[in-house]
Amino acid sequence: MAVDYQAPTKDMAFLIKHVVDLPTITALPGYEECSEDVIDAILDEAGKFANGVISPLNTVSDNKPPALSNDHRVTTSPGFTAAYTQYVEAGWNSLSGSPEFEGQGLPELLATATNEMWHSASMSFALCPMLTAGAIHAIEHHGNEHQKAIFLPKLVSGEWAGTMNLTEPQAGSDLAAVTTKAQPDGEHYRLSGVKIYITYGEHDLTQNIIHLVLARLPDAPKGVKGISLFIVPKHIVNADGSLGARNDVKCLSLEHKLGIHGSPTAVMSYGEKEGAIGYLVGQPNEGLSYMFTMMNHARLNVGLQGVAVAERALQQAIWYAYDRVQGKTLLESEQTPSPIAFHPDVRRLLASMQCRTQAMRALAYEAAAQLDIATHHADPVLAGHSQARVDLMIPVVKGWSTEQSIDIASMGIQIHGGMGYVEETGAAQHLRDARITTIYEGTTAIQANDFLGRKILRDEGRAIGLLIDDINQTSHTLMGHGDADLQRLGQQLNEGARSLRQVVDWAVAQDKSELAGAYFGSVPLLMLAGDVLGGWMLARSVLACEAQPNAIDADFANTKKHAALLYGDMVLIPGLGRAHLIQNGSKTVRAALNL
């Protein structure tokens, strides 16, 4: 049977209050009221909502996906409209929205924790508000005052939903090939073209859907430098804010997918008749840079989906491992059938799933915390430092966490044995749902190329060098500890930092003629960075427990210590072999494939 989700609020609260830099965040303008009591109350209520309202939708929507009618309308899975109405009425969509647009103005860090809950409870359901959040960020940062006043209050509240429209049949990740046209027509534009893979492109959860669409003006230069961004509403919004006529936008079909069955993934047609009315965002031909505002938040949240589905798979596996009694075990003195959780290899799999999920969560929350500081800190130097840290972490959180989630969900199936391979237990759904996370919002290779090219080579490794310095500081603290186990963890972290610095220096040293060799190793480099950063976050968690023994109970602190030690032995040290692949893999790969 599929296991109901229970939000891990204790671990979430611990990370927010004791591991990331909460004091700096609560000192930021507008965040002064985000006390520990407020954090606990929000996490508790969000957990109840995720567990009680959203989680029951997960299996239902997997079996009964959305349906497209002959008049191009989409009916979502059973229970979605009622749950979404409750979600909006409870104020969850507006949690981190700007008070200027009727949002609650709470930190992105806290919203990240609640977003994890929504995605664990039902990733298909949570994709709708996730895309809306991206649209909010894009319009808030780049829209004009009129656009903000018309669209943001309804998007922030969740009364309207948002999407982003990039991909076309002939233009996948290569946005230079986008051909959707935007023709000037007075104060607006008329768009025509087809977009594919549009998450929640059409649905019945909200009265209006605000599409953000990449298109080309008639005189636009070729390539990515000729892309503009447009707001294209499903229904035209009248001057008084009421909804007018249906725009020339329709859903042609819904994709039949491996996973996330409850999320309607639409093929959208713009301008089959007179042209879809759209409104230019910002300046012409700057659409790609504007879209990256939306995309970076989306990538952080997709990385968070990796955390979320890993947590859900872990909970399913733990329940099954303790419920399933089979065979004798060497870990128990009695030679009678025992729960398979006590079999050594099942124990190994559960331990690996658990410590990696905790590391992924901690890194995602650290990225969210740095995003808050980068966005709101008054000191431009400190804000710039945090922004550089965010820029480094987002491709790692997205690429590394999602790749981990597939492996963790697969381990969950292995623990179930044959029962995991049949759909009744629910374990298979987690693997199917996880599989898309390494693909959409930029594949793992795209994240790795961005990490290497824009985040390391562009500044010759300076920003990541500062991050490695921080990792080394943590490792030295542990190496000087009186506990021999923590000394060993410190040595492992120090070795990880050394390996990461070594391959970064190697990549920077490659001249232009050898850059292809560096890019052969870009994905292993991203994975190595994730392994090391995950170890760093778990090490910081151990130190946080020791720094505040009166605030953290001894049993919880002990679990954090053992999670970090397990991670060092099972993930960090084995992963250091990637350093050899990064520096030498291009030669063997080229030779093997005759490239």
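All residue numbers refer to positions in the sequence shown, counting from 1. Heavy-atom basis, side chains included; hydrogens, waters and symmetry copies ignored.
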Could you list the donor-acceptor pairs under 3.5 angstrom formed between side-chain atoms of residues 101-113 and any protein atom two or more places apart in sequence or on another chain?
unit_1, atom_1, unit_2, atom_2, d
Q104, NE2, G91, O, 2.6
Q104, NE2, S94, OG, 3.0
T112, OG1, E108, O, 2.8

Atom pairs and distances, donor-acceptor, side-chain atoms in residues 132-140, under 3.5 Å, two or more places apart:
unit_1, atom_1, unit_2, atom_2, d
T132, OG1, C128, O, 3.1
T132, OG1, G162, N, 3.0
H137, NE2, H297, NE2, 3.4

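Taking each heavy atom of M123 and I436 in turn, the nearest pair found is CE-CG2, 4.2 Å. In plain terms, the two heavy atoms of N494 and S475 that are nearest each other are ND2-OG, 3.4 Å. Scanning both residues, V523 and A445, for their nearest heavy atoms gives CG2-CA, 3.9 Å. Considering all non-hydrogen atoms of both residues, A539 and L493 come closest at CB-CD2, 3.9 Å. The two residues A364 and L304 have their closest heavy-atom pair at CB-CD1, 4.0 Å. The two atoms that bring L300 and A367 nearest to each other are CD1-CB, 4.0 Å, heavy atoms only.
Taken from CG in L155 to CD1 in I209, the straight-line distance is 11.0 Å, to the nearest 0.5 Å. Note that CZ of R312 and NE2 of H430 are 5.5 Å apart. Values are rounded to the nearest 0.5 Å. From I468, atom CD1 reaches atom CZ of R501 across 5.0 Å, with rounding to the nearest 0.5 Å. Within the model, atoms CZ of R299 and OH of Y440 stand 13.5 Å from one another, a figure rounded to the nearest 0.5 Å. Taking OG1 of T167 as the reference point, atom OH of Y197 lies at 8.0 Å (rounded to 0.5 Å). Atom CG of L288 is separated from atom OG of S228 by 10.5 Å, given to the nearest 0.5 angstrom.
Side-chain contact between V309 and T437 is absent, with no heavy-atom pair separated by less than 4.5 Å. You'll find the side chain of L22 reaches within 4.5 Å of the side chain of I39, heavy atoms only. The side-chain heavy atoms of L212 and V232, taken from C-beta on, include no pair separated by under 4.5 Å. Y200 places none of its side-chain heavy atoms less than 4.5 Å from the side chain of T265. In this structure, L229 and V213 have side chains that are not in contact, with every pair of non-hydrogen atoms separated by 4.5 Å or more. Counting heavy atoms from C-beta outward, L15 and S541 have side chains that approach closer than 4.5 Å. T199 places none of its side-chain heavy atoms less than 4.5 Å from the side chain of T163. The closest side-chain heavy-atom distance from N93 to V156 is not below 4.5 Å.
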**Request:** Decide side chain to side chain contact (heavy atoms under 4.5 Å, CB included) for S522 and F451; before the verdict, give the C-alpha distance in whole Å, the side-chain angles of both, and the deciding distance to 0.1 Å.
**Result:** CA-CA 8 Å; S522 62; F451 182 63; over 6 Å; no
**Message:** Quick one, I408 with S410, criterion side chain to side chain contact (heavy atoms under 4.5 Å, CB included). Give me CA distance, side-chain angles, the key distance, then yes/no.
**Reply:** CA-CA 5 Å; I408 289 169; S410 181; over 6 Å; no
**Message:** Show, in sequence, the C-alpha distance, side-chain angles and deciding distance for Y279 and F230, and conclude whether the ring pair (Phe, Tyr, Trp, His ring centres under 6.0 Å) test is met.
**Reply:** CA-CA 5 Å; Y279 309 95; F230 298 86; 9.5 Å; no
**Evaluation steps, side chain to side chain contact (heavy atoms under 4.5 Å, CB included), between V503 and R578** = CA-CA 10 Å; V503 295; R578 292 191 177 100; over 6 Å; no
**Request:** Assess whether side-chain hydrogen bond (donor to acceptor under 3.5 Å, both in side chains) is satisfied between T444 and E403, documenting all intermediate values.
**Result:** CA-CA 8 Å; T444 303; E403 291 286 351; 2.6 Å; yes
**Message:** Assess the residue pair L166 and V178 against the criterion (side chain to side chain contact (heavy atoms under 4.5 Å, CB included)); give the C-alpha distance rounded to whole Å, side-chain angles, the decisive distance to 0.1 Å, and a yes or no.
**Reply:** CA-CA 8 Å; L166 290 77; V178 163; over 6 Å; no
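Within 6.0 Å of the CZ atom in R435, the count of heavy atoms belonging to other residues, nucleotides or ligands does not exceed 12. Around the CZ atom of R454, the shell of radius 6.0 Å holds no more than 12 heavy atoms that belong to other residues, nucleotides or ligands. Within a 6.0 Å radius of CD in E159, other residues, nucleotides and ligands contribute more than 12 heavy atoms. Enclosure of atom CD in E33 is not indicated, since only 12 or fewer non-hydrogen atoms of other residues, nucleotides or ligands lie within 6.0 angstrom.
When only modelled atom types and interatomic distance are considered, E116 and Y365 share a side-chain donor-acceptor pair under 3.5 Å. Between the side chains of T357 and R361, no donor-acceptor pair of N or O atoms lies under 3.5 Å. H481 and E546 are linked by a side-chain donor-acceptor pair at a separation below 3.5 angstrom, with hydrogens and angles left out of the test. Between the side chains of N472 and T474, no donor-acceptor pair of N or O atoms lies under 3.5 Å. Side-chain contact of Y519 with Q510: a donor-acceptor pair under 3.5 Å is absent, judged by distance alone. A donor atom on one side chain and an acceptor atom on the other are not found under 3.5 Å apart for E311 and S120. If you check the side chains of W400 and D531, you find a donor sitting under 3.5 Å from an acceptor. In this model, no donor atom of one side chain and acceptor atom of the other lie less than 3.5 Å apart for D469 and Q473.
Within the 3.5 Å criterion, the main-chain N or O of N144 finds a donor-acceptor partner in the side chain of Q147. Judged purely by atom type and a 3.5 angstrom limit, Q447 uses its side chain to pair as donor or acceptor with the backbone of E441. Judged purely by atom type and a 3.5 angstrom limit, Y290 uses its side chain to pair as donor or acceptor with the backbone of Q283. Checking side-chain atoms of K398 against main-chain N and O of G442 turns up a donor-acceptor pair under 3.5 Å. Using modelled atom types, one side-chain atom of R540 and one backbone atom of V19 make a donor-acceptor pair closer than 3.5 Å. Here the side chain of R356 pairs no donor or acceptor atom with the backbone of Q404 at under 3.5 angstrom. Side-chain atoms of S405 come within 3.5 Å of backbone atoms of T402 as a donor-acceptor pair (strictly under, hydrogens ignored). Side-chain N or O atoms of N165 include none that pairs as donor or acceptor with a backbone N or O of K195 at under 3.5 Å. A distance-only check finds no donor-acceptor pair linking the side chain of K560 to the backbone of L538 [under 3.5 Å]. Of the possible polar contacts, one joining the Y84 side chain to the G158 backbone as a donor-acceptor pair under 3.5 Å is found.
Listed by chain and residue number, M479 satisfy the side-chain contact (heavy atoms from CB on, under 4.5 Å) test with Q491 (two or more places apart in sequence, or in another chain).
Ion pairing between D470 and R389 holds under the 4.0 Å rule for side-chain N and carboxylate O.
When the options V396, L581, I582 are evaluated for a side chain to side chain contact (heavy atoms under 4.5 Å, CB included) with L525, the one that passes is I582. A side chain to side chain donor-acceptor pair (under 3.5 Å) with S386 is found for exactly one of H377, H376, Q370, namely Q370.
Note: W92 and F49 have tilted aromatic rings, judged against thresholds of 30 and 60 degrees for the angle between ring planes.
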